[in-house]
Amino acid sequence: MTPTDRQTIVHARTHEFNNIMRTTLFAFLGIGAALHFGPDAFSAPLFALTIVVTGFGILAGNAALDDLAKLQDDMTDEFAATSYGQGVTARDFGRFKMVSSGLLAALAVATLAAMVV
């Protein structure tokens, strides 16, 4: 894989991760609006949608971050020695996956709790 191909894939996967998170957060915004402005009755469809949106955000987001971690491992020694390469190497994608998944799960728990209370 050439460095240009690698960078093209990195940019594409980063863009896809951003799109996944944006879609997930807008879906939660819609669910929150429906809860706030809707009737105070329990909604099974919103409950299920919350679970599906959370699953999508966590699974798809983690897949994109896994790909970025693998691309980080594929850096050439020459590229890793550059200032940018050192910055990329310093990123801990495993921790980022854990934090983003945890935040989405916490948002889901809060949303589900708002539905049943």
Side-chain angles (χ1 to χ4, degrees):
M1 173 183 313
T2 68
T4 303
D5 290 341
R6 191 186 144 302
Q7 279 305 108
T8 300
I9 295 169
V10 166
H11 289 195
R13 290 306 280 163
T14 303
H15 183 71
E16 288 170 13
F17 177 77
N18 289 335
N19 285 339
I20 291 162
M21 289 299 114
R22 182 175 39 244
T23 301
T24 302
L25 293 177
F26 276 129
F28 271 114
L29 179 67
I31 293 167
L35 288 174
H36 183 72
F37 295 113
D40 286 335
F42 175 77
S43 174
L46 283 179
F47 193 90
L49 183 61
T50 300
I51 293 169
V52 168
V53 167
T54 303
F56 166 76
I58 290 173
L59 294 174
N62 284 349
L65 291 174
D66 284 340
D67 290 348
L68 289 170
K70 294 298 181 192
L71 288 165
Q72 180 187 43
D73 295 340
D74 285 343
M75 279 193 302
T76 63
D77 292 335
E78 179 183 345
F79 187 78
T82 66
S83 178
Y84 177 74
Q86 291 171 358
V88 171
T89 304
R91 291 188 181 102
D92 185 355
F93 286 106
R95 184 171 294 164
F96 189 52
K97 277 176 45 177
M98 185 175 52
V99 169
S100 66
S101 296
L103 289 173
L104 285 178
L107 180 57
V109 168
T111 304
L112 293 172
M115 287 181 206
V116 295
V117 173

Thr89 and Ala80: which non-hydrogen atoms are nearest, and at how many Å? OG1-CB, 4.4 Å
If you define the side chain from C-beta out and look only at heavy atoms, does anything of Val10 sit under 4.5 Å from Thr14? yes
Hydrophobic cluster membership, Leu71 vs Tyr84, 4.5 Å side-chain cutoff: no
To the nearest 0.5 Å, atom CE of Met115 lies from atom CG of Leu49 at 7.5 Å
Verify same cluster id: Val99, Ile58 (apolar side-chain graph, 4.5 Å): no
For the pair Ser101 (side chain) and Met98 (backbone), establish whether a donor and an acceptor sit closer than 3.5 Å, ignoring hydrogens and angles. no
When you look at Phe17 and Phe96, which way does the ring pair (Phe, Tyr, Trp, His ring centres under 6.0 Å) test go after all the steps? CA-CA 12 Å; Phe17 177 77; Phe96 189 52; 5.7 Å; yes
Can you tell me how the ring of Phe47 sits relative to the ring of Phe42, calling it parallel under 30°, perpendicular over 60° and tilted otherwise? tilted
Would a single hydrophobic cluster contain both Val109 and Val117, if residues Ile, Leu, Val, Met, Phe, Trp and Tyr are joined by side-chain heavy-atom contacts under 4.5 Å? no
Ile51-Met21 co-clustered via ILVMFWY side chain contacts under 4.5 Å: yes
Rounded distance [0.5 Å steps], CG in Leu107 versus CG in Leu103: 8.5 Å
Check: Gln72 side chain, Phe93 main-chain N or O, donor-acceptor pair, under 3.5 Å: no
Let me confirm one number: the CG-CD1 distance from Leu104 to Ile20, rounded to the nearest 0.5 Å. 11.0 Å
Separation between CG (Leu65) and CZ (Arg95), nearest 0.5 Å, reads 14.0 Å
Flag yes if more than 12 heavy atoms outside Asp77 fall under 6.0 Å of its CG atom; otherwise flag no. no
Which Ile, Leu, Val, Met, Phe, Trp or Tyr residues join Leu29 in one cluster when any pair of side-chain heavy atoms under 4.5 Å counts as a link? Phe26
Can you tell me how far apart NE2 (His11) and CZ (Arg6) are? Round to the nearest 0.5 Å. 9.0 Å
Tightest non-hydrogen contact, residues Gly57 and Thr24, listed as CA-OG1, 3.4 Å
Do you know which of Asp66, Asp67, Asp92 makes salt bridge (charged side-chain N to carboxylate O under 4.0 Å, His left out) with Lys97? Asp66
Tell me whether Ile9 shares a hydrophobic cluster with Phe79, the cluster being built from Ile, Leu, Val, Met, Phe, Trp, Tyr side chains joined at under 4.5 Å. no
Calculate, to the nearest 0.5 Å, the distance between atoms CE and OG1 belonging to Met75 and Thr82 respectively. 7.5 Å
